[in-house]
Amino acid sequence: MFEKKAYTLKELLQLDFNTFIWIAAPILIALVGIEWIYSYRKNIKSYESKDFFASLSVGVGNLVLNGLQKIALYTFILFFYNLVPWSIPYTWWSYILCFFALDFFRYWAHRVAHEQRFLWTTHVVHHSSLKYNLSVAFRLSWIQNIKVIFFLPVIMMGFHPVVFFIVHQTEVLYQFWIHTEFIKKLPKPIEYIFTTPSHHRVHHGTNKQYIDKNYGSTLIIWDRIFGTFEPEVEKSIYGITTPVNSYNPIYLVFHDLIDMFKEMWKVRLSPKKMARVFFS
């Protein structure tokens with residue numbers, strides 16, 4: 001009979017799942033360089049130097065902070081994994097189950113991050129570029145790990161920690177290639193099931209019909225099921241509805257969080273109004 005093994009923080013740290021991202025980073029940067037050279041030779045203005053270095057700076061900061069935060073993150077996940085008495089066996093099919101479960105909750109985490117003010121402040125930096133290229137995938141907030149709370153149901157299903165982290169890192173890496181204008185629409189079966197560059201260009205668009213659409217992480221089927229799917233019809237206008245007009249990585253990451261606290265300070269005498277700002 002299968003018996004669940006309780007993991008310690010030391011055992012999980014020895015696996016060091018952040019290594020996947022560090023190994024992939026040079027490859028991703030090389031692909032960005034290839035795309036940049038290609039766009040330059042074709043005289044397509046997909047890149048702008050200041051914008052690229054802003055994205056790169058945000059990405060490097062995210063890598064460093066993820067490394068510093070991993071003890072807290074692993075402790076959080078282990079606590080809830082060890083809390084439940086059941087466990088899903090470590091098998092090949094557990095990866096498939098975990099993928100569908102995690103992708104489902106990643107859809108909702110992404111959707112709520114667009115619909116709720118505080119969580120939007122942890123995501124807005126990803127949408128702040130007026131360009132759309134592979135380097136935009138590096139624009140991930142330094143406080144984005146707070147969304148791990150959305151993955152608690154997956155963790156508490158009892159998936160082996162190795163399975164959870166490998167599937168999670170695979171989903172994160174998948175996001176890279178969909179940030180490009182050079183891959184047009186793919187064959188219909190792929191476009192119907194998976195999130196593609198065409199779908200994600202819509203997601204980054206500020207066009208009226210594109211706002212708050214196509215939240216899918218790896219699978220686009222959740223958008224089709226829950227009514228947030230929008231096909232790419234016209235060219236997207238990238239950025240956010242209120243442009244940041246800055247290339248300072250610290251400002252890019254925290255500007256909307258600062259604005260939110262300023263709004264809360266203005267109504268500080270009314271806890272109800274402060275809560276309304278925070279949860280709007």
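Everything numeric here is computed off the predicted structure, so don't read it as measured data. For the numbers below, each heavy atom of this structure counts, side chains included, while hydrogens, waters and symmetry mates do not. Heads up: numbering here begins at 1 and tracks the sequence.
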Assigning hydrophobic clusters by single linkage (Ile, Leu, Val, Met, Phe, Trp, Tyr; side-chain heavy-atom cutoff under 4.5 Å), is [X] placed with [Y]?
X	Y	value
Ile178	Val233	no
Leu219	Ile190	yes
Leu152	Trp108	yes
Ile237	Leu130	no
Phe261	Ile250	yes

TODO: Could you please spell out the steps behind the side-chain contact (heavy atoms from CB on, under 4.5 Å) verdict for Thr196 and Lys185?
DONE: CA-CA 8 Å; Thr196 65; Lys185 289 190 177 183; over 6 Å; no
For [X], look at atom [atom1] and say whether over 12 heavy atoms of other residues, nucleotides or ligands are found less than 6.0 Å away.
X	atom1	result
Trp93	CH2	yes
Phe226	CZ	yes
Ile211	CD1	yes

Separation of [Y] [atom2] from [X] [atom1] (nearest 0.5 Å):
X	Y	atom1	atom2	answer
Asn82	Met156	CG	CE	11.0 Å
Leu140	Phe138	CG	CZ	9.5 Å
Ile155	Phe76	CD1	CZ	6.0 Å
Met157	Ser87	CE	OG	13.0 Å
Leu119	Ser141	CG	OG	10.5 Å
Phe159	Ser94	CZ	OG	7.0 Å

TODO: State yes or no: are the ring centers of Trp92 and Tyr95 separated by less than 6.0 Å?
DONE: no
TODO: Would you check if the distance from the ring center of Phe194 to the ring center of His199 is below 6.0 Å?
DONE: no
Check whether [X] reaches the backbone of [Y] with its side chain - one donor and one acceptor, N or O, closer than 3.5 Å.
X	Y	result
His179	Gln175	yes
Thr206	Ile240	no
His255	Leu252	yes
Asn214	Val202	no
His110	Tyr215	yes
Lys131	Lys45	yes

TODO: Quick one: which residue pairs count as a side chain to side chain donor-acceptor pair (under 3.5 Å) with a foot in residues 224-237, not counting sequence neighbours?
DONE: Tyr107-Thr228, Glu181-Lys235, Ser198-Glu232, Arg201-Glu232, Asn207-Glu234, Gln209-Glu234, Asp223-Thr228
Task: All pairs passing side chain to side chain donor-acceptor pair (under 3.5 Å) where residues 29-43 contributes a residue, at least two apart - done: Glu35-Tyr47, Glu35-Thr180
Any side-chain heavy-atom pair from [X] and [Y] closer than 4.5 angstrom?
X	Y	result
Ile143	Leu257	yes
Phe229	Lys213	no
Gln144	His123	no
Val32	Phe52	yes
Tyr192	Ile220	no
Leu102	Arg106	yes
Ile34	Ile37	no

For the residue pair [X] and [Y], what are the closest heavy atoms and their distance?
X	Y	value
Trp142	Phe254	CE3-CE1, 3.7 Å
Pro249	Val58	CB-CG2, 3.8 Å
Phe176	Leu28	CZ-O, 3.5 Å
Tyr174	Thr195	OH-O, 2.7 Å
Asn66	Asn145	OD1-ND2, 2.9 Å
Thr122	Ile146	CG2-CG2, 4.1 Å

TODO: Measure the acute angle between the ring planes of His126 and His204, then classify it against the limits of 30° and 60° as parallel, tilted or perpendicular.
DONE: perpendicular
Open item on the list: Ring-plane angle category for His200 and Tyr132, please: parallel below 30°, perpendicular beyond 60°, tilted otherwise.
Closed with: tilted
- [ ] Could you pull out all residues at least two apart from Thr242 that satisfy side chain to side chain contact (heavy atoms under 4.5 Å, CB included)?
- [x] none
- [ ] Could you go through the side-chain contact (heavy atoms from CB on, under 4.5 Å) check for Gln116 and Phe279 one step at a time?
- [x] CA-CA 6 Å; Gln116 197 275 321; Phe279 291 106; 3.8 Å; yes
TODO: Given side-chain contact (heavy atoms from CB on, under 4.5 Å), test Thr121 with Phe278 step by step and report yes or no.
DONE: CA-CA 10 Å; Thr121 70; Phe278 187 88; over 6 Å; no
- [ ] Can you spot which of Phe151, Phe99, Trp222 makes a ring-ring contact (aromatic ring centres under 6.0 Å, His included) with Phe104?
- [x] Trp222
- [ ] Answer with yes or no whether the side chains of Asn133 and Ser135 bring together a donor and an acceptor at under 3.5 Å.
- [x] yes
TODO: Decide whether Arg117 and Ser280 meet the rule of one side-chain donor and one side-chain acceptor closer than 3.5 Å.
DONE: no
- [ ] Given side-chain contact (heavy atoms from CB on, under 4.5 Å), test Ile77 with Phe165 step by step and report yes or no.
- [x] CA-CA 10 Å; Ile77 289 173; Phe165 277 107; 3.4 Å; yes
